[in-house]
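In what follows, a structure is listed as structure tokens, so that the remarks can point back to it.
The sequence lines fix the lettering, A, B, ..., with proteins before strands; numbering per chain opens at 1.
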Protein chains: 2
Amino acid sequence: METQVILISGVAGIIALLYAVVATGKIKAFEVTNEKVLELSSIIQRGAMAFLSREYKALVPFVVVVAAILGYKIGFASAVSFLLGALCSALAGFIGMRVATGANGKTAFAASKGVNPALRIAFMGGTVMGMSVVGIGIIGILVCYYLYGDPAVITGFGFGASSIALFARVGGGIYTKAADVGADLVGKVEAGIPEDDPRNPAVIADNVGDNVGDIAGMGADLFESYVNSIIAAMAIGIATFGSLGVAYPLLLAALGIVSAVIGTFFVRVKEGGDPQVALRKGTLVTGILIIAGSYFLTQKMFDDITLFWAVTAGVAVGVIIGLVTEIYTSSSFNPVKQIAASSETGTATNILAGLGVGMKSTALPVLLICGAILVGVKFGGLFGIACAAVGMLSITGMTLSVDAYGPISDNAGGIAEMSHMPPEVRKITDRLDAVGNTTAAIGKGLAIGSAALTALALFAAYATAVGLESIDLNDPKVMVGLFIGGMLPFLFSAMTIQAVGRAASKMIDEVRRQFREVPGILEGTGQPEYEKCIDISTAASLKEMIVPGLLAVICPVVVGMVLGAEALGGLLGGAIVTGVMMAIFMSNAGGAWDNAKKFIEEGHHGGKGSGAHAAAVVGDTVGDPFKDTAGPSLNILIKLMSVVALVLAPLF
Amino acid sequence: METQVILISGVAGIIALLYAVVATGKIKAFEVTNEKVLELSSIIQRGAMAFLSREYKALVPFVVVVAAILGYKIGFASAVSFLLGALCSALAGFIGMRVATGANGKTAFAASKGVNPALRIAFMGGTVMGMSVVGIGIIGILVCYYLYGDPAVITGFGFGASSIALFARVGGGIYTKAADVGADLVGKVEAGIPEDDPRNPAVIADNVGDNVGDIAGMGADLFESYVNSIIAAMAIGIATFGSLGVAYPLLLAALGIVSAVIGTFFVRVKEGGDPQVALRKGTLVTGILIIAGSYFLTQKMFDDITLFWAVTAGVAVGVIIGLVTEIYTSSSFNPVKQIAASSETGTATNILAGLGVGMKSTALPVLLICGAILVGVKFGGLFGIACAAVGMLSITGMTLSVDAYGPISDNAGGIAEMSHMPPEVRKITDRLDAVGNTTAAIGKGLAIGSAALTALALFAAYATAVGLESIDLNDPKVMVGLFIGGMLPFLFSAMTIQAVGRAASKMIDEVRRQFREVPGILEGTGQPEYEKCIDISTAASLKEMIVPGLLAVICPVVVGMVLGAEALGGLLGGAIVTGVMMAIFMSNAGGAWDNAKKFIEEGHHGGKGSGAHAAAVVGDTVGDPFKDTAGPSLNILIKLMSVVALVLAPLF
């Protein structure tokens, strides 16, 4: 059976990669005749790829040292898996970014022909990222499994993927927000020029940042959630069901890939149609196929459908968390409306309202995650939880395509603006972008939910691997671990938020300097020095990502060494709990502030230029590092610490 | 030995109460001849006492219902203990508030004679609160112990104290911040009149709020920390050391009372001296006496000084957490200076800097708490942790006196301003008030640290009471409990922050209305309707405290009933961890914003009226409900949930 499983999942992985190749070819074949568009797109692409290669280079010493330690302490196989995981994550990020930054200008140009061509190019760009992630992910796991045949060794692959993901998320998050805040505060607020105005020297860095943060960062994040959920399920599965327990998550993942490929064909819109509906249809089709397929798969493999319910719970909770996220972050619902209304009494009440909404928004997702845990356990014990996580993530090929579509449309809008294309074009890209904002919120909800379940599955795998009979909260050492673990997400968030602040202030100084010193810049006759701003964001984010990244790797090791394996278990528990809360709190508060501002800009509470609008702009700026740097980084933090513990389990 | 212990601790309690009586007499004997001062003080006192009696009345149904349920489900004795605990807490609050609101005007008047007379009256007013709390606390425990002789029953006393404390903290916190925000936003910002200006209709409500929040609220908070630390130690102690384990915490508490009484005699300042030094000397003397005394006490009782180290760790960590709090919240150190500097780039950077400082400030206190846990365990197992908590809280008589001194000086300043006393008087009260701000930060640090240790001790007592062999994080139900528990502090904070927002907006509307409708109000010829504002704060806070209060009591019960005793253990663990983090985060962020604003007002970064100042004012306003409502309420939330679990342990 084993070879059969490897074959089937391998074929699914290859299908995903072929899909990505074909999509890339189609995007390349689409011709753009607007010189300015080509030029802007290529500047953005160069900036993004330069950042990515400098980031990867900066990580080489880290990767080599960790691999050496693994090889020396745990074994050669783990070191190889780790290297492979890091490489695969980097590769997926590289491919996805390259294509996405090639698709933005083409989307802008296609928008001059209508909604459907633009949607198709943008979405196709997104699918390259989505399909690369799942394809490379599953093939990487299979290679490790084929080489070593031991799920314990494959955890090294997850560790490699996690490390790259953390640095990518933190670095990307700092990059994008430094550029964004710098461009906004000096350009929009001080100089009074509009968003995406080519006279703003930070505008290209801002567009690069969208790719670096929302495409490479999000891709690395979901890559590692994806592979780690499968790895955790394999590690627990082999202990409970033997080789069947290894095969099941792999085949579920394969099923997810095929379903996602089919789903993408449903993302089409007629002229005058709603792109939102098209994207939703694609996701819905994928989800239904996965649920239906997993019913037959489970029945066939186990002669019994019990585990099917665990998988379904995972898929369902993933979708519902996304919808709940929308309730708290979309201006169609009360929370965002209340933030907008409270902006009328000033900035302080806007901030307090946003913080309140963010905190309150933790309740439902947590209850949903708890629901998934309880259903998973009821229908399959710890393996059930892991299968719920795999189920939730099997849809990744589709959701990530939709996610990556967002920043491509956003970039397309910027390029349309900067190359002075007609307003109808900008209207279409704006419409695509607005849809992207909603899907981003849903994607973020799914990312958090899956991070929580994956971290829990890794946690369970860790406890199994160390052979801990219990991680007893009555043991004061466990409680100490719980406290330290609970504190880390706060410390980590503080670091990333302060890093954005420092990087942004450098950007502010540079933009101010250019406005002052470059002749004719504000009149549109002088050429802004875009590269200087790109350099600042790049250098600052590479520098600032190091300390928080190392913190995440070193803390579990130190606690495990000094206080023992049980205390490390406590640390993971504490980190997962506060990490999930803080991630939800910050992501949703940021999203809500953002949309409250947009709601006011649509003309409510006095509209643009009113006091309420000024207050809402501040809220939006506070929310930026919340939702795009600190919040999403926590998803990875909790998984990385769990997988570090799992890989190093033999040491404790 | 038992009678002897009861006798000794009882005498210590009576000494504390006698001290309070004498201090009250001295304050009463101090004559004030300024009519305006007398009038203002009496309005504030009426408002405060009216709030307190309405609050207590509102709680009668809750107390009766809970007592009935306890009597029916657990036993008559627990019901009686519960009622006694609630009564004692209310009584201590009542006495402390009455005297404190009588001392504020006298402090203002005394300030016209010099620093020392003013300090003496203000501090004496504080000692009445401090001594009442420890005196009534220990006597209440002794009565229960004398009546029933069973530490398990006395937990009901702690439950009663906790319930009142939660409502007092939440209600008081909402009251004071609604009045404060309302007075500031309309009076200072919109109408441009100074702080404490008698033309502001909300100014009296603001002064009442200082008492309601910082005296009654803080008093109830420390009352319940104090009694619950002793009760938890007794409950664990009887299981490990028999009657010796019951006697030890009681005698430690008695030692603390006597030490505090002696310490108060060192709080004196010569004309031209520094009140800060005087207060610090008093605290230092008390701490040294407790440490020295506990050495001999431990040696005599156990023929061995092992437990002495646990107690000392508690005292030391309590003091050090206070100092760390100062680092993050005082403008003498970098964090506050950075917030002030970041105000120059606008409101958003000020807010982000404050949030970052608050999050970062969790690290050291958590490590210190972990240190206290580990030392406690090393030198006495779970009983050692409980003794560390008792040690930390044995100093309560002194610290609470110092704490309560703050709002009295603050009020005195307001009264001096409103009654147009000469500027030298205001200068003296300002100086006393500034010292009060520092001591308040230290007191808050101690309150959080002691809350964490007390909650942990209660948690351990709960696990012992239910006879749980382990609360195993590998058990998914425990993990679900951990998640739900971890979420509650976020939900709770959201509720209290939003409640302040709602109450404040009612206050804003009322103050605006009076400025518009009352003739001559801004010229100083019309009489503002102070009572209307007092009514609004009172009604709003009584209404808004109900839901969060009930949430705290009901959640542990529901989880215990539905998911079982282990899951309830997980819930407590999760709530304690995120509760402590959020409490530190919010209290310190609030304190830091407050002092960053004051730092700018001293003339840095452009001083009053600059853009940086405007940004800092927003930060301060955001910080108000953080540090005075949501943050401190969490201290009680975690203890209340733990004590609910402990009392209802027989049901699960």
Side-chain angles (χ1 to χ4, degrees), chain A residues 185 342 345-349 351-353 355-357 359-360 362-363 366-367 369-370 373-374 376-377 382 385 456 460 463 468 470-474 476-480 482-484 486-487 490-491 493-495 497-498 500-501 505 508 569-570 573-574 577-578 580-581 585 618 621-622 625, chain B residues 185 342 345-349 351-353 355-357 359-360 362-363 366-367 369-370 373-374 376-377 382 385 456 460 463 468 470-474 476-480 482-484 486-487 490-491 493-495 497-498 500-501 505 508 569-570 573-574 577-578 580-581 585 618 621-622 625:
Chain A
L185 277 188
S342 70
T345 36
T347 311
T349 38
I351 299 291
L352 283 171
L355 292 169
V357 164
M359 290 178 188
K360 195 170 250 179
T362 56
V366 164
L367 293 179
I369 292 169
C370 289
I373 295 174
L374 291 176
V377 168
L382 292 181
I385 298 179
L456 283 178
L468 288 176
S470 78
I471 301 173
D472 185 1
L473 282 182
N474 278 329
K477 278 189 185 169
V478 173
M479 199 42 111
V480 166
L482 198 75
F483 264 100
I484 295 176
M487 173 267 282
F490 282 81
L491 180 59
S493 303
M495 283 178 167
I497 290 174
Q498 292 180 337
V500 170
S505 79
I508 290 172
V577 168
T578 61
V580 169
M581 303 303 153
F585 158 47
V618 173
T621 311
V622 171
Chain B
L185 278 187
S342 70
T345 39
T347 311
T349 38
I351 299 290
L352 284 170
L355 292 170
V357 165
M359 289 179 189
K360 196 169 249 179
T362 54
V366 164
L367 293 179
I369 292 169
C370 289
I373 295 174
L374 291 176
V377 168
L382 292 180
I385 299 179
L456 283 177
L468 289 176
S470 77
I471 300 173
D472 185 2
L473 283 182
N474 277 329
K477 278 192 186 166
V478 173
M479 200 42 112
V480 166
L482 198 75
F483 264 101
I484 295 177
M487 174 267 284
F490 283 80
L491 181 59
S493 301
M495 284 178 167
I497 289 173
Q498 292 180 336
V500 170
S505 78
I508 290 171
V577 169
T578 62
V580 168
M581 302 303 153
F585 159 46
V618 173
T621 312
V622 171

Q | Region of B:L185 that comes under 4.5 Å of a non-hydrogen atom in chain A | A | side chain

**Q.** Most chain A-contacting option - heavy-atom pairs closer than 4.5 Å, from B:I508, B:V478, B:L374
**A.** B:L374

Q.
In the structure I gave you, are the side-chain heavy atoms of B:L355 and A:V622 within less than 4.5 Å of one another anywhere?
A. yes

Q.
When you measure from the side chain of A:D472 to the backbone of B:D472, do you find a donor-acceptor pair of N or O atoms at a distance under 3.5 Å?
A. no

(Q) For the interface with chain A, which of B:I385, B:I373, B:V500 has the highest count of heavy-atom pairs at distances below 4.5 Å? (A) B:I373

Q | Which atoms of B:V357 approach chain A - backbone, side chain, both or neither, heavy atom under 4.5 Å | A | both

Q) Can you tell me how far the CD1 atom of A:I369 sits from the CD1 atom of B:I484, to the nearest 0.5 Å? A) 11.5 Å

Q) Between B:T345 and A:S505, is any pair of side-chain heavy atoms under 4.5 Å apart? A) no

(Q) If I take atom CD1 from residue A:I351 and atom CD1 from residue B:I351, how far apart are they, to the nearest 0.5 angstrom? (A) 5.0 Å

**Q.** Worked check of side chain to side chain contact (heavy atoms under 4.5 Å, CB included) between A:M581 and B:F483
**A.** CA-CA 9 Å; A:M581 303 303 153; B:F483 264 101; 4.0 Å; yes

**Q.** Winner by heavy-atom pair count (cut-off under 4.5 Å) against chain B, out of A:L382, A:T621, A:T362, A:L468
**A.** A:T362

Q | Spatial distance of atom CE (B:M359) from atom CG (A:L491) [nearest 0.5 Å] | A | 11.0 Å

Q. Who wins among A:M495, A:M487, A:K477 for the most heavy-atom pairs under 4.5 Å with chain B?
A. A:M487

Q. Which value, rounded to the nearest 0.5 Å, describes the distance between B:I497 atom CD1 and A:L352 atom CG?
A. 6.5 Å

Q | Toward chain B, the part of A:M479 with a non-hydrogen atom under 4.5 Å | A | side chain

Q) For the candidates A:L482, A:T578, A:T347, A:T349, which exhibits the highest count of non-hydrogen atom pairs separated by less than 4.5 Å from chain B? A) A:L482

Q) Between B:V577 and A:V577, is any pair of side-chain heavy atoms under 4.5 Å apart? A) no

**Q.** Reported OG-to-CG distance for the pair A:S470 and B:N474, which is rounded to 0.5 angstrom
**A.** 7.5 Å

